[in-house]
Structure formats: C-alpha cells, structure tokens
Chemist: 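There's a structure below that I have some questions on.
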Amino acid sequence: MAKTGGYEGPLEQVAPCQWRIPKTYRADMRVDGLIFADDALIGQIKKDQGPEQVVNVATLPGIQKASLAMPDIHWGYGFCIGGVAATDPEQGGVISPGGVGYDINCGVRLLRTNLEWADIKDRIRPLVDQLFRDIPTGVGQRGAFSFSKPELIRLLGEGVSFVVDKGYGVARDIEFAEAGGRLDGADPGRVSERAILRGADQCGTLGSGNHFLEVQVVDRIVDATAAEVMGLREGQVTVLIHSGSRGLGYQVCDDYLGVFKNAPKKYGFELPDWQLACAPVRSPEGQDYLGAMRAAANYAWCNRQLLTHQAREVFARIFGKPWEALGMDLVYDVAHNIAKFEDHDVGGGVQKQVCVHRKGATRAFPPGHPEIPEAYAQVGQPVIIPGSMGTASWVLAGQPGSMIHSFGTSCHGAGRMMSRTAAIRLAEGRRIDKELDAIGIIARARGHKGLAEEQPAAYKDVDLVVDVVDKVGISKKVARLRPVGVIKG
DNA sequence: ATGTAC
C-alpha cells in the first residue's frame, strides 16, 4: 500500500473516544473498524494511511467483532501499528506476520530501584556513559554473549528461564514477565538457519530505531494503591528497556512472508494488500509460522533479560553496591508485537479461543485475570507505555474495559506522527542530543540520524494517547516517568 | 523494525 494521502472514508463517533468505520464502507469488509481516539488525535490519525489499513485488516478470514486500532495508530507494514485483530481458527481464521510486525515480541520492561534522583544526579553522566559503553546499540551490533547453535535452540524453546539458569537473572524475572518470558509451542526447528545465524551473537543488544534504554525518575503518581503494589513512588529512579528480537525476529518475519505468498490462492481467499500475507491458523504454513514466531518471542524475552543483567552490572559498578542492594527488581515486562491464543467474548456472551494479533499494542488484563502475577491480582496487569525520547513514559494497570472493548489490549506508545525521512529533514542543522541536554536529559547514541528520527516532535503527545485508554476504561493511569538519561542505536 | 538491497 502506498504511503500517501490521508483517509477520506466514513468515521462515525459511536461513543466518547470511539470511532467506527462501518463494514458497509467496502464490500470486502467482514467486520467494522473501530479506532479509539479523542477529537484532537482523530484529526491527526485521518492524515495517515492507518485507518485504511484498519479497513484492510477487517477483510481477513475469520476476523471477530471488529478490526481495532489504539490511539497511537499509524501506518505500518500491512497492518497499522497500534492495531489489534482477533481471528477464530474454527472459522478459517488466519495468522499474519504483518499483524505481529517485523520485530517479533518487541516490548518493554520496567525495573525499579531504591535510588532517588538526589542519589544519582551527581553521577548521571558517568552512569549514562557507562551504560552506553557496556550495552551494545545500533544496527547489526554483536553483544557480549554468544550462544552455540545447540544452546540457541534451547534458548528459543525455553525462553527467559534458560538465561536465568545461566546466572543472568533471578526467579522473579521469570514470574514478572508476560507469559513467564516463554510462549508454549515454540518450535526452533521452524526457524531458518539464517535467522539462527543472525541471532547467535545479538542476544543482549539494544538495536536501533525506537529501541532504547532509559534512566527515569517517577514524576507523578496517579493511582497510589496500584503504585504501591508495583513498588513505585514519587522521586524514585527507574530503568526502562525497549527492545525486541533483533535480526533473528526480522529474519523469521521475512522468511514467512515468502512462505505465505501463495496462501490466498491455495486456501481460497483474497487480500486487498500483499503485505497482509497470511495463512489459516489451522494450516501447515500457519502452524510453522506460529512455531517460529513463538521461538523468536522467547528470544526477545531473553534479549531483554540480558539487557537487564548488563544494566544491573553497570548500576552496581557506578554505585558500588550489588544490584540487589539497589533494589533493581523487575516491575513487569510486556510484549507489544505478538500474536497469542486467548479466550475472549466475541459477542453475545460467546467465549472462544481466538488468535489475538497485537502489533504495537499491549496486553492489558484486568484485576483477577488468571494470567497475571498474583502480586498484581488486585490492581491489574502493569501496562508499560514508553513515550518518545525526551518525553514521559507511563505505567498503567489493565482494567475490565479491555476485555469488553479490545480483546484485553491497550496502546503501546506515543505513536509516530512524522515519517523517519520527514524527521531527518526537520533535524537538519540541529543537534538533538544538545537540545535534550538543555532540558536535563543526557542522550548517547551512535549517530545523529537515529536521534533525528526519534526526536520528540516526530511523535504524538503520549499524555493525550494515554488519556484515551484511561477514559475508555481499557487501562488506568498509575505513574508517569520522566527521562533523565537515554542510550540509543 | 532490519547486516535499511543477496
């Protein structure tokens, strides 16, 4: 789909912050489209191809209820980023790599500390410099860890527990990751030789683009009860890690887009966009991709775990105490590019197991849901929303509205508002790192281009995005975090 | 997002 022009089709406001694209808009739509946004955001959203992609996704075989988009929606490969689609395998429902994203199980994790801003402000520069020295960033970078092929195959199958057993973490790191840092059904045998080769020495590296590691300070508590349960308090230092499955996940996505090219003809359906390439969940091709995708997801969790280990070592070195003494516990780790099988109400009180695609969207299970840690049973699953570099991030808690409106899903970030090339143009003659320094954020990156692409002006206002999911009752605001140091690719 | 084109 060409990335030009805005959306000119119907958009009906059906409730506060809910905009419907009726399935009568296009003959090939099987369900409505539904976008969550306020009046200001919907104006920006219409200028982009995102809504048309919501419509395209509504044509997929077996899609249930509606093709959904969160307020951080913007154009992506095939599916929009910020998109949520659930398909029913019993009705020929499909799995689509474009609905997961190239960066399989890209996600974020939040570490808390028992440090306060006053404890670190004199050492923030050496701290960020040391993080930048010790944590590999940038495209194609290799890391400090290298796994043999048999080890990597175990890592792909076992997830976080594999690297924790090697000494790079503790039991809590497993318990406080979505899905325990491991998806069942991972099949390393469905991951190509080339993907394995690319992944062998990249576990424990940050990558490029919007990936980062940030040192932050909690600047506002909105829900005191939930914050206390999550161990968050005003003035506290936190660490946010945003990365995914690196070259391994990219290669898995690319491999299966090729495999799925002939699926529409073979299984008898049509697609409005080649980039929506997909196959029935219940097909050999669909099962192969799911096995490989789960393996790549497990790799991404291991990557964030090894990044955690390295961040803890740097803090220990700079502050002269073991990380345990610095209280660097994992608050939670969420996947925001993934497909999972979950039970949901698909309308009329009918519960079914569906394949939920979340592409740039975060699971947001409510209090009492069996799949969240017992410690969070009363307050709901932590939903971690990174803002753009130089702006705030948010911690929210999943609410019952997510199960009603969005297959247990919330937004995932601020959402890009400007293309990477437009952002580079806007940064001409400027030094983004110096601009950030001037507002109290130490930024270290391998080059100017990455900083230019990720400059705050390229993104929507994360506070407005989070307001929408809070108002709809999908997830509620718990704490706002402001950055003081960031390392990037 | 990505050894930004095998």
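Just so it is clear: chains get the letters A, B, ... in the order the sequence lines come, proteins before strands, and each one is counted from 1.
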Chemist: Over how many whole Å does the gap from A:Ile81 atom CD1 to B:dT2 atom P extend?
Modeler: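 Going from CD1 in A:Ile81 over to P in B:dT2 covers 13 Å.
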Chemist: Nearest to the side chain of A:Arg194 - B:dT2, B:dT4, B:dC6?
Modeler: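 The answer is B:dC6, which lies nearest to the side chain.
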Chemist: In whole Å, I'd like the distance from the CG atom of A:Asp103 to the P atom of B:dT2.
Modeler: 6 Å
Chemist: Any residue in residues 289-306 of chain A with a heavy atom nearer than 4.0 angstrom to DNA chain B? Just list them by number, or reply none.
Modeler: none
Chemist: Measure from CZ on A:Arg446 to C1' on B:dT4 and round the result to the nearest Å.
Modeler: 15 Å
Chemist: OP1 or OP2 of B:dT2 less than 4.0 angstrom from a side-chain nitrogen or oxygen of A:Ser208, does that happen here?
Modeler: yes
Chemist: Rounded to the Å, how far apart are A:Gln251 CD and B:dT4 P?
Modeler: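 Atom CD in A:Gln251 sits about 12 Å away from atom P in B:dT4.
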Chemist: Find the distance A:Asn105:CG to B:dT2:P and express it as a whole number of Å.
Modeler: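 It is 13 Å, rounded to the nearest whole Å.
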Chemist: State which residues pass salt bridge (charged side-chain N to carboxylate O under 4.0 Å, His left out) with A:Lys166; sequence neighbours excluded, sorted by chain then number.
Modeler: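 Salt bridge (charged side-chain N to carboxylate O under 4.0 Å, His left out) list for A:Lys166, sorted by chain: A:Glu151.
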Chemist: With sequence neighbours left out, write down each residue that passes side-chain hydrogen bond (donor to acceptor under 3.5 Å, both in side chains) with A:Glu214, or none if nothing qualifies.
Modeler: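 Listed in chain order: A:Gln216.
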Chemist: With sugar-phosphate meaning primed atoms plus P, OP1 and OP2, does A:Lys449 contact a base, only sugar-phosphate, or nothing at under 4.0 Å between heavy atoms?
Modeler: base
Chemist: Hey, could you give me the CD1/SG distance between A:Ile35 and A:Cys17, rounded to the nearest 0.5 Å?
Modeler: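 So the gap between those two atoms works out to 12.5 Å.
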Chemist: Given A:Tyr332 and A:Phe176, is the ring pair (Phe, Tyr, Trp, His ring centres under 6.0 Å) satisfied, shown in steps?
Modeler: CA-CA 5 Å; A:Tyr332 204 62; A:Phe176 287 80; 7.1 Å; no
Chemist: Once you round it to whole Å, what is the distance between P of B:dT4 and CG of A:Asp254?
Modeler: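 After rounding, the gap between these two atoms is 12 Å.
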Chemist: Can you sort out the partners of A:Arg446 under side-chain hydrogen bond (donor to acceptor under 3.5 Å, both in side chains), two or more places apart, ordered by chain and number?
Modeler: none
Chemist: Suppose we screen for salt bridge (charged side-chain N to carboxylate O under 4.0 Å, His left out). Which residues come up paired with A:Arg425, at least two apart in sequence or across chains?
Modeler: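 Residues passing salt bridge (charged side-chain N to carboxylate O under 4.0 Å, His left out) with A:Arg425: none at all.
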Chemist: Determine which pairs satisfy salt bridge (Lys or Arg N to Asp or Glu O under 4.0 Å) with at least one residue from residues 293-308 of chain A, sequence neighbours left out, and list them in order.
Modeler: A:Arg304-A:Asp333
Chemist: Please state how far atom CD in A:Glu454 lies from atom C1' in B:dT4, giving the value in whole angstrom units.
Modeler: 14 Å
Chemist: Considering every strand and a 4.0 Å limit on heavy-atom distances, what is the contact class for A:Gln141: base, sugar-phosphate, or nothing?
Modeler: nothing
Chemist: How close or far is atom C1' of B:dT4 from atom OH of A:Tyr250, stated in whole angstroms?
Modeler: 7 Å
Chemist: Which part of the nucleic acid, if any, lies within contact of A:Gly101, taking any heavy atom under 4.0 Å across all strands shown: a base, the sugar-phosphate backbone alone, or nothing?
Modeler: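 Nothing: the residue A:Gly101, judged by heavy atoms under 4.0 Å, touches no strand.
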